[in-house]
Amino acid sequence: MGPGPSDVYPEVLAAMARPTIGHLDPAFIVFMDALNERLRYAFQTKNAVTLPISAPGSAGMECCLVNLLEPGEKIIIASNGVFGGRMIEIARRCGAIPVPVEFEWGTAVDPNRVADALRSHGDAVALAFVHSETSTGVRSDAESLCQLAREHDCLSIVDAVTTLGGIELRVDEWGIDAIYAGTQKCLSAPPGLSPVSFNQAAMAKVSARKTPPQSWFLDMNLLTGYWGPGAKRAYHHTAPINALFALDEALRVLQREGLENSWGRHRNNHVKLRSGIEDMGLEFYVEPQHRLPQLNAVVVPDGVDEAAVRGFLLHEFNLEIGAGLGPLAGKIWRIGLMGASSTEQHVDLCLEGLQRALD
Ligand SMILES: Cc1ncc(COP(=O)(O)O)c(C=O)c1O
């Protein structure tokens, strides 16, 4: 019950143990198309370019930025935690000019301040932000931010690593141009893959590049030659077949439950955790309207050794919860309720463990 990886469904682990086949095997090609279709469901998009990057969430982040930025181009990056900061660093390494708009950790991205930045930097080509900031447990308003990007003729790039499958996300309806996610959070597949989706506007920017992306591996033009749509299925790299089997199985689990039911389950288990936490006299760090149900930031009470509590839970309850990062180190615990780890039993176990640790 930390910030990810979450528990992996047994059927997903079983899928991972299936015999490995070749990455150009005709059966695998059929499998790839079906997997991409399931990803479209999870993202709520019709984007033809929707595929899993063969590397973790940070590679999805890098894929969006290296393809959509050319040297010297400006990008507004809203940062309210660890992962906004990572985007800024990657944009810099692309030779682009990141314009950071910083927010206090534990608060949401304020669309008004982003609008000011977009007005002051009319030459910016993109706006990037983290929808679900795992380092603080904060949800930002992706729909409003993407609308702002559109109004200022910028592409929107959205980090949905902790979002996908856990809370409402509607890529097409919200007009998101490029998005990346993770497998190890609310999808409950093993870590190591990053589903991404680019719409037509994003692909037009890729096609119009004057310089090739600095990363060969993450070059979307090369990736689509293997993953489609309508691709010749030319060898690009040896796909991680078994990890993809696992992701596909996790997406089947999501489809069986139904996306909205999954969002509802994450919300309900958060409500149950919240009432138990508050009954114990503990407090949440984030304002109610910005809280992520799948990542709960709980304030460490004065005088409590937060690491000792985590150690007690790990050793006595075989239960992991996360520590605070950066300016929140020592100040909060991060309790994940993601995917297969978002159940009433997990909530009960965590509350019992915390109560015992604090007694
Ligand atoms: C919001 C967010 N973005 C990006 C990442 C990076 O993902 P990964 O660690 O899989 O590279 C994470 C990982 O926790 C994350 O929570």
Side-chain angles (χ1 to χ4, degrees), residues 1-8 39 42-43 52-66 77-91 93 98 100 103 105-109 128-142 145 156-169 171 176 178-197 215 217-218 240 243-244 246-247 250 266 286 290-297 320-326 328-329 332-339 341-342:
M1 298 179 73
S6 56
D7 288 350
V8 176
L39 283 177
F43 276 127
I53 299 290
S54 302
S58 305
M61 181 189 287
E62 195 139 4
C63 176
C64 290
L65 294 168
V66 297
I77 303 182
S79 174
N80 59 342
V82 167
F83 297 102
R86 190 171 296 184
M87 282 182 166
I88 293 168
E89 179 58 24
I90 293 174
R93 290 182 188 208
F103 299 88
W105 286 38
T107 67
V109 172
F129 63 90
V130 178
H131 183 215
S132 299
E133 190 34 273
T134 327
S135 59
T136 61
V138 167
R139 177 199 322 229
S140 291
D141 180 353
L145 291 167
S156 51
I157 301 175
V158 180
D159 179 319
V161 169
T162 288
T163 299
L164 196 66
I167 56 170
E168 185 178 18
L169 173 70
V171 167
I176 295 172
I179 188 161
Y180 59 93
T183 49
Q184 75 274 32
K185 313 274 187 185
C186 300
L187 294 183
S188 274
L193 295 172
S194 180
V196 299
S197 186
S215 166
F217 187 66
L218 297 171
L244 292 163
L247 172 60
H266 283 84
V286 175
H290 300 307
R291 283 178 199 158
L292 288 173
Q294 68 274 47
L295 197 287
N296 297 269
E320 180 200 2
I321 64 168
L325 298 175
L328 299 182
I332 60 166
W333 290 298
R334 290 181 304 147
I335 303 177
L337 285 171
M338 300 177 177
S341 305
S342 178

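Start at 1 and go down the list; that is how both ligands and their atoms are numbered. The basis for the numbers below is simple: all heavy atoms, side chains too, and nothing from hydrogens, waters or symmetry mates.
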Point to revise | Taking atom 5 (C) of ligand 1 as the reference point, the nearest protein heavy atom with its distance | key: Phe83 CE2, 3.3 Å

Check your understanding: Just heavy atoms, cut-off under 4.0 Å: does Ser135 contact ligand 1 by side chain, backbone, both, or neither?
Key -> neither

Practice item. May I ask you to decide if Thr163's main-chain N or O and Lys185's side chain share a donor-acceptor pair within less than 3.5 Å? Key: no

Exercise for review: Using distance alone, decide if ligand 1 has a nitrogen or oxygen within less than 3.5 Å of any nitrogen or oxygen in Thr134.
Suggested key: yes

Point to revise | Nearest-contact summary for atom 9 (O) of ligand 1 - protein heavy atom, Å | key: Gln184 NE2, 4.0 Å

Check your understanding: Where's the contact between Glu133 and ligand 1, heavy-atom distance under 4.0 Å: side chain, backbone, both or neither?
Key -> neither

Practice item. Below 4.0 angstrom from a heavy atom of Arg86, which ligand 1 atoms are there? Numbered from 1 as shown, please. Key: 6 (C)

**Study point:** Lys185-ligand 1 polar pair, N/O distance under 3.5 Å
**Key:** yes

Review point. Is it true that Gly192 lies under 4.0 Å from ligand 1, counting heavy atoms only?
Key: no

Point to revise | Criterion side chain to side chain contact (heavy atoms under 4.5 Å, CB included) against Ile179, the qualifying member of Ile157, Leu169, Asp159, Leu164 | key: Leu169

Check your understanding: If only atom types and distance count, is the side chain of His266 paired as donor or acceptor with the main-chain N or O of Gly339 below 3.5 Å?
Key -> yes

Review point. Numbering the atoms of ligand 1 from 1, which are under 4.0 Å from a heavy atom of Ser132?
Key: 1 (C)

Check your understanding: So which heavy atom in the protein is nearest atom 8 (P) of ligand 1, and how far is it from that ligand atom?
Key -> Gly57 N, 3.5 Å

Practice item. Around atom 3 (N) of ligand 1, find the nearest protein heavy atom and jot down its residue, atom name and distance. Key: Asp159 OD2, 2.6 Å

Check your understanding: By number and element, which atoms of ligand 1 are closer than 4.0 Å to a non-hydrogen atom of Thr162?
Key -> 16 (O)

Check your understanding: Among Gly84, Ser58, Gly2, which one has a heavy atom closest to atom 11 (O) of ligand 1?
Key -> Ser58

